[in-house]
Amino acid sequence: MSIYKEVFKNNQKWIEAKKATDADFFEHLSQGQNPDILYIGCSDSRVTAEDMTGVEPGQMFVHRNVANLVPNNDGSSASVIEYAVRHLQVKHVVVCGHYFCGGVKAAMQAADLGILNPWLRNIRDVYRLHKDELNSISDEGERYNRLVELNVEEQCVNVIKTAVVQNAYLTTGYPLVHGWVFDIKTGKLIDLNIDFEKKLKGIQEIYDLGTTSK
Ligand code: CO
């Protein structure tokens with residue numbers, strides 16, 4: 001049987017399993033969501049946001065795109081952040097990258113990838129910002145892994161640049177911004193322990209959106 005046909009059977013089993021532990025599960029779910037986490041990750045089919053973190057429906061607001069990017073002029077990720085921070089008032093914003101990311105790999109190669117070019121250029125920009133460090137890594141695999149990590153870090157900076165995040169953080173102390181990497185080879189989720197306060201202070205000189213003077 002094709003996987004396409006299986007999903008509907010799987011869905012039925014899932015409904016039954018949820019109802020077996022809580023008969024009103026879907027009734028409760030229909031009443032609203034109150035997630036604590038906004039997760040921004042890669043579309044890669046191997047990096048399953050909810051599954052690998054064990055969160056239940058309603059606990060995590062999720063946005064996924066190629067190579068977990070938050071480009072400055074991308075209305076889609078910006079809308080997700082705006083909604084999650086301003087309206088859902090999430091406590092944590094996570095950017096999660098992963099090793100063996102095809103998008104990051106593509107940005108390391110000389111190739112014309114059509115409509116993907118401007119999207120992946122955001123990763124080439126990350127490479128340019130950290131060119132000295134990356135070029136000093138002779139092993140290509142290690143350099144690839146490091147670019148995955150640096151891309152997560154730069155996307156966290158892009159999240160922190162937004163007015164909605166700066167405003168919310170300076171008035172409520174939330175959200176905190178975190179960078180994670182998922183290692184497909186081991187299944188392990190790694191916290192890059194990005195110093196959010198330090199990042200915020202470091203970029204405020206240039207990206208202060210008038211929030212500190214209020
Ligand atoms: Co990826």
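- Under a cut-off of 6.0 angstrom, the local environment of CG in N11 is crowded, with over 12 non-hydrogen atoms contributed by other residues, nucleotides or ligands.
- Enclosure of atom CD in Q31 by more than 12 non-hydrogen atoms of other residues, nucleotides or ligands within 6.0 angstrom is indicated.
- With rounding to the nearest 0.5 Å, the separation of NZ in K91 from CD in Q89 is 7.0 Å.
- Applying the side chain to side chain contact (heavy atoms under 4.5 Å, CB included) rule to L176 yields the partners H92, Y169, Y174, H178, F196; only residues at least two apart in sequence or on another chain are considered.
- Of the candidates I123, I40, D74, I123 is the only one forming a side-chain contact (heavy atoms from CB on, under 4.5 Å) with L69.
- In terms of the side chain to side chain contact (heavy atoms under 4.5 Å, CB included) criterion, residue partners of K18 (sequence neighbours excluded) are, by chain and number, W14, F25, F26, E56, P57.
- For the residue pair H130/E153, the side-chain donor-acceptor check at 3.5 Å is not satisfied.
- Remark: of the listed residues S77, C42, S43, S43 is the sole one forming a side-chain contact (heavy atoms from CB on, under 4.5 Å) with R64.
- Partners of R146 according to the side chain to side chain contact (heavy atoms under 4.5 Å, CB included) rule, which considers only residues two or more places apart in sequence or in another chain, are E133, L134, I137, E149, L150.
- A centroid separation of 6.0 Å or more is found between the aromatic rings of Y144 and Y99.
- When all heavy atoms of D208 and Q166 are compared, the closest pair comes out as CA-OE1, 3.9 Å.
- One finds the CG atom of D195 at 12.0 Å from the SG atom of C156 (value rounded to the nearest 0.5 Å).
- When only modelled atom types and interatomic distance are considered, N158 and Y207 share no side-chain donor-acceptor pair under 3.5 Å.
- The existence of a salt bridge linking K185 and D183 is excluded, since no basic side-chain nitrogen approaches an acidic carboxylate oxygen closer than 4.0 Å.
- Annotation: side chain of V66 is not in contact with side chain of C101 (no heavy-atom distance under 4.5 Å).
- In this structure, D36 and V90 have side chains that are not in contact, with every pair of non-hydrogen atoms separated by 4.5 Å or more.
- For the pair V177/K199, no side-chain contact is recorded, criterion being any heavy-atom separation below 4.5 Å from C-beta on.
- Side chains of L38 and V94 form no contact here, defined as non-hydrogen atoms less than 4.5 Å apart.
- Closest non-hydrogen pair, G41 versus N68, comes out as C-CB, 3.5 Å.
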